[in-house]
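Inspection log for the structure reproduced underneath, given as structure tokens.
In what follows, every chain begins at residue 1, and chains take the letters A, B, ... in the order their sequences are listed.
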Protein chains: 2
Amino acid sequence: MAQTRKTSLQPRARASQKAGSAQPTLQDVAAAAGVSTATVSRCLNSPEQVTARTRERVLSVVRELGYAPNFGARALAAKRTNTIGAIIPTMENAIFARGLQAFQEELAEHGLTMLVASSSYRPDLEEEQIRTLLARGADALLLIGFDRPASVYAHLEQRGTPYVIAWSQKEDPRHIAVGFDNYTAMRALADRVFNHGHKDVAIISAPQADNDRARDRVRAVLDSAADRGLEPQDIRVIETPYSIENGASAMDELMSAKPRPTAVFCGNDVLAVGALGRASEIGLSVPDDVSVTGFDDIEIARIVRPALTTVHVPHRDMGRQAAQAIAALLKGETAAHGLPLATTIMERASLGPVPKASS
Amino acid sequence: MAQTRKTSLQPRARASQKAGSAQPTLQDVAAAAGVSTATVSRCLNSPEQVTARTRERVLSVVRELGYAPNFGARALAAKRTNTIGAIIPTMENAIFARGLQAFQEELAEHGLTMLVASSSYRPDLEEEQIRTLLARGADALLLIGFDRPASVYAHLEQRGTPYVIAWSQKEDPRHIAVGFDNYTAMRALADRVFNHGHKDVAIISAPQADNDRARDRVRAVLDSAADRGLEPQDIRVIETPYSIENGASAMDELMSAKPRPTAVFCGNDVLAVGALGRASEIGLSVPDDVSVTGFDDIEIARIVRPALTTVHVPHRDMGRQAAQAIAALLKGETAAHGLPLATTIMERASLGPVPKASS
DNA sequence: AGAATATTTGTAAGCGCTTACATTTATCTC
DNA sequence: GAGATAAATGTAAGCGCTTACAAATATTCT
């Protein structure tokens, strides 16, 4: 508190010519504190290398001048930005929001900042976003899912940029991933549905190209069906981008087929909510006429009526662990390939037995 | 295509010592193209200043080497980052997602990149995020709502950092804002509700402190009531952070009061959806026993049953216009204070007349 | 054609910070 | 307490880019 008031206002005018409006620089702080810029820098970046006495003096000047390091200069000199880029397929719904929030919170614990970009589920846009984030100096990246051109991985490899894949997990030693096994998760749900006796089922999936999560989920349903002696090729699969509206349209299409499926698997909760809504709009009761399932267990799944049977994904855990993996990678530790996270089936009202009147 | 292959691989090794892994620099490009770094820089930043011939040669080398400018260096030298910081209260639900997406898209049109941060509706966190974004070199900011400490505005002013306020609009010449008038919007909805004959109403609002949008919305309801000779002080206002769960709890509380309100205004759709769900859980029918309204018209409002009566906010327009305003500001144009955007009432099934059996 | 002007390109000085290395100062060791 | 060792601080060289300004080249005018 009782600081050297007099010196506190001089340095700014000295080093920066542009009158009062310019930000104070390291120089200014150094001059005001009577030390070298190196010492100030050390106070900020590795305080343990500086005597408590000088450190306190310097830091008080820092506060007094309202000094904040210039990001660009720091990045340039240190070749490090403490920034992690995250590229998610979409920000328009809640699918990734919760996980990302946790990711960010955990990054903050490690002194890292998150930069988000969204790819709109388009591989070309994702590649562009990766470039953008790297150009902005991202030290590492969070990517969703495995599917992307080999050239992208090669580029990352060649630059030596660490990355972590989330929302998916499989036996691929080439990448480090934090996620769950989409196949296993969906398989558990499919088994549950078939146990209810359903024989005519259909799938509303996101486009499977470039999306390993979507593919795994579809495959799980087909495999489960095959195991029960059903013909997988009889199962109708509609591919459509994730949106409530698209879920509704797909449902329309499915419900006008005959025999009408008695259960519809949706690639995620957003599609499922659309399907659910449309079913009621066209006078079908869920689950009395048709069962519907989702994937992700976002908030809305509990809210819709009937509540949605879905696969619960531990979003927050996933985000947090992804951040930890990145922090470890950045420290040079060879982050071990973790185990897949566990998902659980949330059986709610939208899943029921096969309708009696069914063909 | 038929480029000078031989020179293309040398420069990298020349200027950057760290073997092959380092990124090519402007130097490398300049050397390979046989021009000065200034010319390369101009090709990238103001191509019209360079002959078509040299420009093409340089750009082809850029492509060949896979050169990408270093963000830090550029920021440092140009004192400009082409980065806009956006601080939104939350990423956990869809309220801001759509507007932000449009904001980003429009920024991209102007060659600007968006950096998001979220404040969790906490003023202290917002202030911190502002600092962080500015330290990262944000050239301008997007802020939500007017309410924040004067010191924050002073700081922005003093730094000369342009900012635009969104999601709110009022007669305040000190700030430039792109948004709608929350009071007017909610007033229209309230008038509509009272026209249905409701006399006992209640409000579930976000905490009003530090949130001018929430305050305006509450005030609109109270004023509308007063205009009809109702006693505003009889109107119960529950304040609780925006979340489905909180909306549900608040509804519990309101529904156990007597006389029970016949209509509940919610500060946004998220609270309303919670309220709606809880109503049905405790055996009340909406709108036969109680009407419920929301605000924002996010996707979920159309999906829930009964569908939610709410105020439609032109999120995408708002995001787009905010981006345009910022681009204008950055060009030095004195972006005119635009007119407030129009909102519309979406009357859906959740609003009905006063129940007959009502007290 | 030659001077005057406009256009294109080059030169080089930083932008604000980090960090290897050199120097100074404090702390041990016997 | 002298010499050796460890800790704290200072010196200064960049990091990769932009941009005044200078120099070179092309264009126009009389």
Side-chain angles (χ1 to χ4, degrees), chain A residues 11-12 14-18 21-58 62 65-83 134-137 139, chain B residues 11-12 14-18 21-58 62 65-83 134-137 139:
Chain A
R12 168 180 304 185
R14 190 194 309 160
S16 37
Q17 314 292 16
K18 304 217 168 189
S21 81
Q23 292 299 114
T25 71
L26 241 213
Q27 281 264 23
D28 298 330
V29 175
V35 296
S36 72
T37 59
T39 299
V40 178
S41 174
R42 281 191 282 257
C43 284
L44 265 27
N45 299 306
S46 40
E48 73 283 358
Q49 288 185 28
V50 175
T51 332
R53 228 171 83 72
T54 28
R55 194 192 319 145
E56 275 159 33
R57 181 154 41 95
V58 169
V62 164
L65 297 188
Y67 168 76
N70 175 302
F71 178 76
R74 183 174 249 186
L76 186 55
K79 302 181 184 319
R80 191 169 24 72
T81 60
N82 292 323
T83 292
L134 291 181
R136 297 189 66 85
D139 291 337
Chain B
R12 168 179 306 185
R14 189 195 307 160
S16 36
Q17 316 291 15
K18 304 216 167 189
S21 79
Q23 292 299 112
T25 71
L26 241 213
Q27 281 266 21
D28 298 330
V29 176
V35 296
S36 72
T37 59
T39 300
V40 178
S41 174
R42 282 190 280 256
C43 284
L44 266 26
N45 299 307
S46 40
E48 72 285 356
Q49 289 185 28
V50 176
T51 332
R53 229 172 84 71
T54 28
R55 193 191 321 144
E56 274 160 31
R57 181 154 41 95
V58 169
V62 164
L65 297 187
Y67 168 76
N70 176 302
F71 177 76
R74 185 174 248 188
L76 185 55
K79 301 180 183 319
R80 190 170 24 73
T81 59
N82 291 324
T83 293
L134 291 181
R136 297 189 66 85
D139 290 336

Next item on the list: Determine: side-chain N/O of Ser36(A) to OP1/OP2 of dT9(D), distance under 4.0 Å, yes or no.
Entry: no
Next item on the list: Please state how far atom CD in Glu48(B) lies from atom P in dT9(C), giving the value in whole angstrom units.
Entry: 12 Å
Check: Can you check whether Tyr67(B) reaches Leu44(B) side chain to side chain, under 4.5 Å on heavy atoms?
Finding: yes
Notebook entry, point to check: Does Asn82(B) reach the side chain of Arg74(B), with side-chain heavy atoms less than 4.5 Å apart?
Noted result: no
Next item on the list: Could you tell me whether the side chain of Phe71(A) reaches within less than 4.5 Å of the side chain of Thr81(B), counting heavy atoms only?
Entry: no
Check: Under 4.0 Å: is that the gap between some side-chain N or O of Thr54(A) and OP1 or OP2 of dT9(D)?
Finding: yes
Between the protein and nucleotides 13-17 of chain C, list the N/O to N/O atom pairs that are separated by less than 3.5 angstrom.
| residue | atom | partner | partner atom | Å |
| --- | --- | --- | --- | --- |
| dC15(C) | O3' | Lys79(B) | NZ | 3.1 |
| dC15(C) | O2 | Ala77(B) | N | 3.4 |
| dG16(C) | N2 | Ala73(A) | O | 3.3 |
| dC17(C) | OP1 | Tyr67(A) | OH | 2.3 |
| dC17(C) | OP1 | Asn70(A) | N | 3.2 |
| dC17(C) | OP2 | Leu26(A) | N | 2.4 |

Check: Mapping Arg42(B) and Ala38(A) onto DNA chain D by nearest heavy atom, which one lands closer to the 5' end?
Finding: Ala38(A)
Next item on the list: Under 4.0 Å between any heavy atoms, over every strand shown, what does Arg55(B) touch: base, sugar-phosphate, or nothing? Just pick one.
Entry: nothing
Check: Nearest-Å distance, CZ (Arg53(B)) to C1' (dT8(C))?
Finding: 13 Å
Next item on the list: Quickly work out the Arg57(B) CZ to dT9(C) C1' distance and round it to whole Å.
Entry: 11 Å
Item checked: Heavy-atom check, side chain of Leu134(A) versus side chain of Gln23(B), under 4.5 Å -> no
Next item on the list: Report the residues that fulfil side-chain contact (heavy atoms from CB on, under 4.5 Å) with Ala30(B), sequence neighbours left out, ordered by chain and then residue number.
Entry: Thr37(B), Val40(B)
Notebook entry, point to check: Expressed in angstrom and rounded to an integer, what is the separation of Gln49(A) atom CD from dT18(C) atom P?
Noted result: 12 Å
Check: Who are the side-chain contact (heavy atoms from CB on, under 4.5 Å) partners of Ala78(A), not counting sequence neighbours?
Finding: Arg80(A)
